[in-house]
Amino acid sequence: MNKKDGMQYAPKGKPNPVVEEGEFIFSVAHLKHGHIYGMTNGLLEAGASLKYVYDDDSDLVDAFIKAFPKAKKVDQLEMILEDPATALVASAAITSQRADLGIRVMKSGKDYFTDKAPFTTLDQVEAVKKAVAETGMKYMVYYSENIHVESAVYAKDLITRGAIGQVVQVLGLGPHRLNHLSRPEWFYQKDKYGGILCDIGSHQIQQFLDFTNSKDASVSRSQVANYSHPEYPELEDFGDAMLVSDNGATHYFRVDWFTPNGLNTWGDGRLMILGTKGYIELRKYIDIGRDDSKDHVYLVNDEGTFHFHVEGQVGYPFFGDFILDCINRTECAMSQEMAIKAGELAVMAEMKAIRLQ
C-alpha cells in the first residue's frame with residue numbers, strides 16, 4: 001500500500017475467516033478506484049472466495065489479477081450477474097454509475113458492495129431504496145475511514161462501553177493528497193464524482209451517524225470552494241459542513257485536497273468525539289511530529305488520560321460481519337438504513353453548499 005496515495009488505500013489485516021473456503025463467493029466488477037483493492041483484501045481476510053473480475057479497461061484488470069491471482073477475467077458483466085455461485089458483487093465504478101450498477105446487481109439476485117460515495121443525486125437514492133425494498137438484497141458501502149481503520153473501530157467499542165457517556169458532538173477532519181497526475185479524467189468532472197462533500201464527505205457523515213447512534217440528520221450549512229486548482233474548474237478542493245442528528249448531536253467536518261508533500265502519508269485524518277463524560281481523539285494515519293505509525297487513540301474521562309496505539313491490535317470486523325449478514329440476512333456489520341442515509345446526506349450537503357470561490 002502506498003501511504004502517500006489515498007486513492008490506493010488498501011489496508012491489510014490479519015486473516016480472520018468466518019466461513020470456509022468456497023462457502024461464500026464474490027466477484028468484482030469495475031475497477032475505476034483503487035479502493036477496490038482494500039474492499040477485496042477485507043473480504044478475502046474474512047474468508048470469502050474471489051471468483052471473477054470484470055472491467056472494460058484491460059490494464060486495470062491485469063493489474064488486479066496480478067494482485068489477486070485467483071481472480072478469473074470475464075469479458076462481460078453479464079457473466080458475473082448470471083453466475084449462480086457469485087453471492088456478492090464488489091465494485092468501484094465511476095461514482096455517478098454506482099447506483100445504476102447496484103440496481104442491476106440486486107435485480108440479478110446478488111448483494112452489492114460499492115465504494116463510497118454510493119450516490120451523486122437524490123434520484124439515485126430513491127431508485128436504490130426502491131430496488132432494495134423490491135429485491136430484498138443488500139446495497140452496502142465501503143466507508144473505509146470508519147470500517148477499515150482500527151482506531152475508528154476501537155473508538156466505537158469505547159463509546160459502546162460508555163467510556164465517554166453520551167456522544168453529543170463529532171468533529172471530523174479529512175484532508176487528502178490530490179496526486180493529480182494519477183487521477184483519472186472523470187475525477188475532475190463534477191457530474192461524475194459528485195463534488196467533495198458527496199465524495200470524501202460521505203466518510204465523515206457515516207462516522208457521525210455511527211458514533212452518535214443516529215438514524216437521521218439535517219444539514220445546517222455547507223460550503224465548497226476551488227481555492228488553488230483553476231486548471232480543474234469543476235474540482236472542489238475544499239468543503240465543510242455542519243449537521244444536527246435526530247437525537248440532538250452535532251457534527252462539523254472539513255475535507256480538502258491540501259495535504260502537503262512533506263507529510264509521510266496521504267492525509268492527517270483526525271476525529272474528535274465529545275461525550276457527556278469525556279472525549280476521544282483519533283489520529284488515524286499518523287501522529288505528526290512524534291510517530292509515523294497510525295491508529296492512535298487518545299481518551300480523556302473521569303478516570304484519567306489514556307493513549308492507546310491500536311495498529312495491528314483490533315482488526316476489521318466489518319468484513320466478517322458483512323459476509324455473515326449476507327448469508328443470514330442480518331444487519332450486524334452496518335444497517336442498510338445507515339449505509340444509504342450517509343450517502344443521501346452527503347448528496348444533500350453538496351446540493352445545499354454555498355460556493356465560496
Side-chain angles (χ1 to χ4, degrees), residues 1-13 26-45 48 50 52-71 73 88-98 101-102 112-118 120 140-150 152 174-189 192-194 196 198-204 206 232 235 237 255-257 259 261 263-269 284-286 294 316 318-319 343:
M1 180 174 67
N2 183 351
K3 288 180 63 177
K4 289 200 170 188
D5 188 352
M7 190 169 179
Q8 305 305 325
Y9 182 70
K12 290 186 177 180
F26 75 104
S27 294
V28 171
H30 296 288
L31 313 170
K32 304 306 185 188
H33 197 293
H35 280 172
I36 193 63
Y37 288 81
M39 298 162 70
T40 302
N41 282 338
L43 290 168
L44 290 175
E45 289 164 3
L50 174 59
Y52 293 136
V53 59
Y54 166 77
D55 194 277
D56 55 8
D57 185 328
S58 60
D59 291 339
L60 292 177
V61 173
D62 290 344
F64 185 85
I65 292 175
K66 184 176 180 180
F68 303 105
K70 290 186 178 181
K73 177 181 178 180
L88 172 72
V89 177
S91 177
I94 293 172
T95 313
S96 60
Q97 299 173 4
R98 291 169 185 170
L101 175 61
Y112 181 61
F113 184 31
T114 179
D115 189 16
K116 64 78 213 162
T120 56
M140 191 47 57
V141 185
Y142 180 62
Y143 294 113
S144 60
E145 293 189 32
N146 187 1
I147 66 174
H148 226 165
V149 172
E150 288 181 288
H176 285 57
R177 177 175 284 116
L178 186 58
N179 282 330
H180 67 94
L181 295 179
S182 68
R183 299 282 176 177
E185 183 179 356
W186 66 265
F187 175 82
Y188 300 101
Q189 299 170 1
K192 293 184 179 178
Y193 83 93
I196 194 170
C198 177
D199 180 20
I200 51 180
S202 63
H203 285 299
Q204 303 295 327
Q206 189 274 330
Y232 304 118
L235 175 71
D237 57 24
V255 287
D256 65 77
W257 294 104
T259 294
N261 290 331
L263 188 71
N264 193 31
T265 188
W266 54 268
D268 186 9
K284 292 184 174 182
Y285 310 114
I286 194 169
K294 60 181 183 175
Y316 309 112
F318 168 87
F319 296 93

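Residue numbers count from 1 along this sequence. Since the structure is predicted, the reported quantities are computational estimates derived from the model, not experimental observations.
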Pair Leu263, Arg177 - check side chain to side chain contact (heavy atoms under 4.5 Å, CB included), show working.
CA-CA 9 Å; Leu263 188 71; Arg177 177 175 284 116; 4.0 Å; yes
Write down the atom of Gly42, the atom of Phe319, and the distance for their closest heavy-atom approach.
O-CB, 3.3 Å
To the nearest 0.5 Å, what is the distance between CD1 on Ile94 and NZ on Lys192?
5.5 Å
Find the distance between CG (Asp115) and CZ (Arg98) and round it off to the nearest 0.5 Å.
4.5 Å
For the residue pair Tyr142 / His148, report whether a side-chain donor-acceptor contact shorter than 3.5 Å exists.
yes
Hey, could you give me the NE2/CG distance between His180 and Leu235, rounded to the nearest 0.5 Å?
11.0 Å
Ring centres under 6.0 Å, that's the criterion: do Tyr193 and Trp257 meet it?
no
Can you tell me how far apart CD (Gln189) and OG1 (Thr95) are? Round to the nearest 0.5 Å.
11.0 Å
Which word best sums up how the rings of His33 and His35 line up, parallel for under 30°, tilted for 30 to 60°, or perpendicular for over 60°?
tilted
Keeping the roles fixed (side chain from Asp55, backbone from Leu31), state whether a donor-acceptor pair exists under 3.5 Å.
yes
Test item: Thr265 and Lys294 side chains (from C-beta on) under 4.5 Å apart, heavy atoms:
no
For Ser91, check side chain to side chain donor-acceptor pair (under 3.5 Å) against everything at least two apart and list the hits.
none
Please test Leu101 against Val89 for side chain to side chain contact (heavy atoms under 4.5 Å, CB included), starting from the C-alpha separation and ending with a verdict.
CA-CA 10 Å; Leu101 175 61; Val89 177; 5.8 Å; no
Residues forming a salt bridge (charged side-chain N to carboxylate O under 4.0 Å, His left out) with Asp268, sequence neighbours excluded:
Arg270
On a heavy-atom basis, the closest approach of Pro118 and Val141 is CB-CG2, 3.7 Å
What's the verdict on side chain to side chain contact (heavy atoms under 4.5 Å, CB included) for Met140 and Phe318, showing C-alpha distance, side-chain angles and the deciding distance?
CA-CA 11 Å; Met140 191 47 57; Phe318 168 87; 3.7 Å; yes
Listed by chain and number, what are the side-chain contact (heavy atoms from CB on, under 4.5 Å) partners of Ala48, not counting sequence neighbours?
Phe24, Phe26, Leu43, Ile323
Between Ala117 and Cys198 the two heavy atoms that sit nearest each other are CB-O, 3.0 Å
By side chain to side chain donor-acceptor pair (under 3.5 Å) - contacts of Ser27 (at least two apart)
Thr86
Lys284 side chain vs Glu145 backbone, donor-acceptor pair below 3.5 Å
yes
Here the gap from Asp57 atom CG to His30 atom NE2, rounded to the nearest 0.5 Å, amounts to 11.5 Å
Kindly determine whether Thr114 and Met39 satisfy side chain to side chain contact (heavy atoms under 4.5 Å, CB included), including the steps that lead there.
CA-CA 9 Å; Thr114 179; Met39 298 162 70; 5.5 Å; no
Contacts of type side-chain contact (heavy atoms from CB on, under 4.5 Å), residue Ala152, not counting sequence neighbours:
Asn146, Val149, Phe211, Leu282
Specify the closest pair of heavy atoms between Thr40 and Val28, including all atoms of both residues, with the distance to one decimal.
OG1-CG2, 3.9 Å
Given 3.5 Å as the limit, does a donor-acceptor pair link the side chain of Arg183 with the main chain of Leu178, or not?
yes
Using modelled atom types and a 3.5 Å cut-off, is there a donor and acceptor pairing between side-chain atoms of Thr259 and backbone atoms of Trp266?
yes
Looking only at heavy atoms, which two atoms of Tyr37 and Ala67 are closest? And how far apart?
CE2-CB, 3.6 Å
To the nearest 0.5 angstrom, please state how far the CZ atom of Phe113 sits from the CD1 atom of Ile36.
8.0 Å
By side-chain contact (heavy atoms from CB on, under 4.5 Å) - contacts of Asp56 (at least two apart):
Lys32, Tyr54
Considering all heavy atoms of both residues, which atom of Ala71 and which atom of Phe64 are nearest to each other, and what is their separation?
CB-CE2, 4.1 Å
